[in-house]
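Below is one structure, written out as structure tokens; the observations come after it.
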Amino acid sequence: MVPKLFSMMKGNELTKDQIGKDIVAGIIVAIIALPLSIALAISSGVSPEKGLITAIIAGFIISFLGGSKVQIGGPTGAFVVIVYGIVQSHGINGLITATMMAGIILVIMGLLRLGSLIKYVPQTITVGFTSGIAVTLLSTQLKDFLGLQINNTPAEFIEKWICYFEHISTFDLLAFVIGVGCILILLFWPKVNKKIPASIIALAVATIVVKVFNLPVETIGSRFSNISSTIPMPTIPKMDMSTIVSLIQPAFTIAILGAVESLLSCVVADKMIDDTHNSNSELVAQGLGNIASALFGGIPATGAIARTAANVRNGGRSPISGMVHAITLLFIMVLLMPLAKMIPMTALAAILMVVSYNMGEWSHFIDMLKGNKGEVIVLVATFVITIVSDLVVAIIVGMIIHGIVTLINNKRNKTDLEIDTAIAE
């Protein structure tokens, strides 16, 4: 289980030319990751800098010790609902504890060489829960996108929507218009210029408009009065046996989702660069990254498919790009974090709404709905349970239904074969 960086150094694969390309790619990915890290932290129920701390600490370790050449680690939309629920139920200390526990589980999974098990998870299940997570992430953004005045938004999907309808009278037209404007920028800016990330342009335009015209729209600064621009000293959270027991299920949820998402990201990256990742090294790195993130007050991290793809498209071909991405974010956090207070909340919501739509595998989802009834049942069950219940429950139920469907199909095929044989005789 040798990390990719070390094997590349041993094999003399790191040329000066490639290192230069990796540095450029890392800086570009950091610019892309900046608004996402802030937005994902806020949507998870924690302060903005927690997202940057996660991308810096966990992102660096995942690249340094990981099993992929181009994986970019950090906070992702898949964790938002899970993290928000933990914060609501157990507080920040509970989240840090659960993240550390998840990190330990991931390290154990890697040491036990369980990384190859990802290939046994059917595509119907991965598409089902990925699309389900996309829907739940989208739903979390409606409060800020519509400017609704809600003090405590429920973590559960159905209760959340009930709360939205109960507070629809607080709808803020100005916040909505700015949010729609940001979505239009996100959709059409790539057609104008692909080098400058659309999310940065959307944030800049929205922030300037709100500041220049002194518009009464909620900003990061109005919601979070104290935002740190420094990395805190590592601290071990207070833990007792009752706390650990109550956090076992959330920790397993974080670990399983982190494992599946990171390894899926590695598979996508392998196809893009014609390489083969080391799944067990990746799991160990993901685990260590999450442990470190928790020690510094961050949130759960995993491989980010979109940022990893952006890394590859911009010339990244070694873990150096991921490490540069983390270092660049550190400099941005120290130098520019005070400016983040002026960013409108509706702009961040708009960015995550587009992210949620893009992360949903809707074309695959629709195609699978046209398949055989058994696969459709697995897909829809995983999708619905992910939204209304729990990811781990959704995967377990999906695997059980898949197993039953497979047994029925095998029995049916065996019967058909026996009939054909009897007819032939």
Side-chain angles (χ1 to χ4, degrees), residues 30-60 62 72-88 90-96 98-99 102 133 136-138 140-141 143-145 153 155 199-200 203 207 218-232 250 254 257-258 261 289-290 292-302 304 306-307 325-326 328-330 332-334 336-356 359:
I31 295 172
I32 295 172
L34 174 64
L36 290 176
S37 299
I38 293 174
L40 290 168
I42 294 173
S43 297
S44 299
V46 299
S47 54
E49 75 275 9
K50 302 294 186 184
L52 290 176
I53 290 172
T54 305
I56 293 166
I57 302 297
F60 186 90
I62 288 170
I72 300 295
T76 67
F79 282 128
V80 167
V81 178
I82 298 169
V83 172
Y84 186 84
I86 296 173
V87 172
Q88 292 294 311
H90 304 280
I92 297 296
N93 189 74
L95 173 62
I96 293 173
T99 304
I133 290 171
T136 55
L137 175 59
L138 177 67
T140 63
Q141 303 311 306
K143 170 183 173 290
D144 291 330
F145 187 73
T153 308
S199 57
I200 293 295
L203 282 188
T207 302
E218 186 178 25
T219 62
I220 290 178
S222 63
R223 181 176 295 185
F224 302 94
S225 56
N226 297 316
I227 303 177
S228 175
S229 59
T230 59
I231 301 291
I254 293 172
L257 179 56
E261 189 172 8
N290 275 279
S293 176
L295 289 174
F296 285 91
I299 59 179
T302 186
R307 274 161 272 171
H325 138 269
T328 303
L329 281 175
L330 174 60
I332 293 175
M333 178 178 176
V334 172
L336 302 178
M337 196 61 186
L339 297 177
K341 292 183 178 182
M342 296 185 289
I343 297 174
M345 295 300 300
T346 185
L348 294 175
I351 290 173
L352 288 189
M353 287 177 75
V354 173
V355 168
S356 66
M359 79 177 285

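Side-chain atoms are counted along with the backbone in the values below, which use heavy atoms only and exclude waters and symmetry mates.
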Between [Y] and [X], is there a side-chain heavy-atom distance shorter than 4.5 Å?
X	Y	value
Met333	Ile53	yes
Thr230	Glu49	no
Ile133	Val81	no
Ile38	Leu34	yes
Leu52	Leu330	no
Pro338	Ile227	no
Tyr84	Thr140	no
Ile220	Met345	yes

Checklist entry - Among all residues two or more places apart in sequence or in another chain, which pass the side-chain contact (heavy atoms from CB on, under 4.5 Å) test with Ser199? => result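 Partners of Ser199 under the side-chain contact (heavy atoms from CB on, under 4.5 Å) test: Pro35, Leu186, Pro197, Ile351.
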
Checklist entry - Mind checking what makes side-chain contact (heavy atoms from CB on, under 4.5 Å) contact with Thr207, not counting sequence neighbours? => result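 Scan of Thr207 (side-chain contact (heavy atoms from CB on, under 4.5 Å), adjacent residues dropped) gives Met342, Ile343, Pro344.
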
Please report the shortest heavy-atom distance between [X] and [Y], naming the atom on each side.
X	Y	answer
Phe145	Thr346	O-OG1, 3.5 Å
Leu203	Ala347	CD2-CB, 3.9 Å
Arg307	Ala33	CD-CB, 3.8 Å
Ala39	Leu352	O-CD1, 3.6 Å
Leu329	Ala30	CD2-O, 3.4 Å
Ala326	Ala55	CB-O, 3.9 Å

Checklist entry - Do Ile299 and Phe79 pass the side-chain contact (heavy atoms from CB on, under 4.5 Å) test, and can you show the C-alpha distance, the side-chain angles, and the key distance before you say yes or no? => result CA-CA 9 Å; Ile299 59 179; Phe79 282 128; over 6 Å; no

Checklist entry - When you look at Ile332 and Met337, which way does the side-chain contact (heavy atoms from CB on, under 4.5 Å) test go after all the steps? => result CA-CA 7 Å; Ile332 293 175; Met337 196 61 186; over 6 Å; no

With rounding to the nearest 0.5 angstrom, report the [atom1] to [atom2] distance, [X] to [Y].
X	Y	atom1	atom2	answer
Ser37	Lys50	OG	NZ	14.5 Å
Ile42	Phe224	CD1	CZ	5.0 Å
Arg223	Asp144	CZ	CG	4.0 Å

Item to check | Test side-chain contact (heavy atoms from CB on, under 4.5 Å) applied to Ile72 and Ile62, step by step | outcome: CA-CA 7 Å; Ile72 300 295; Ile62 288 170; over 6 Å; no

Main-chain N/O of [Y] paired with [X] side-chain donor or acceptor, under 3.5 Å:
X	Y	value
Ser356	Leu137	no
Ser43	Leu40	no
Asn290	Ala301	yes
Ser293	Gly289	no

Checklist entry - Will you find, in the side chains of Glu261 and Thr76, an N or O donor that is under 3.5 Å from an N or O acceptor? => result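 Judged by distance alone, the side chains do pair up.
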
Checklist entry - Stepwise, does the side-chain contact (heavy atoms from CB on, under 4.5 Å) test hold for Ile254 with Val83? => result CA-CA 9 Å; Ile254 293 172; Val83 172; 5.5 Å; no

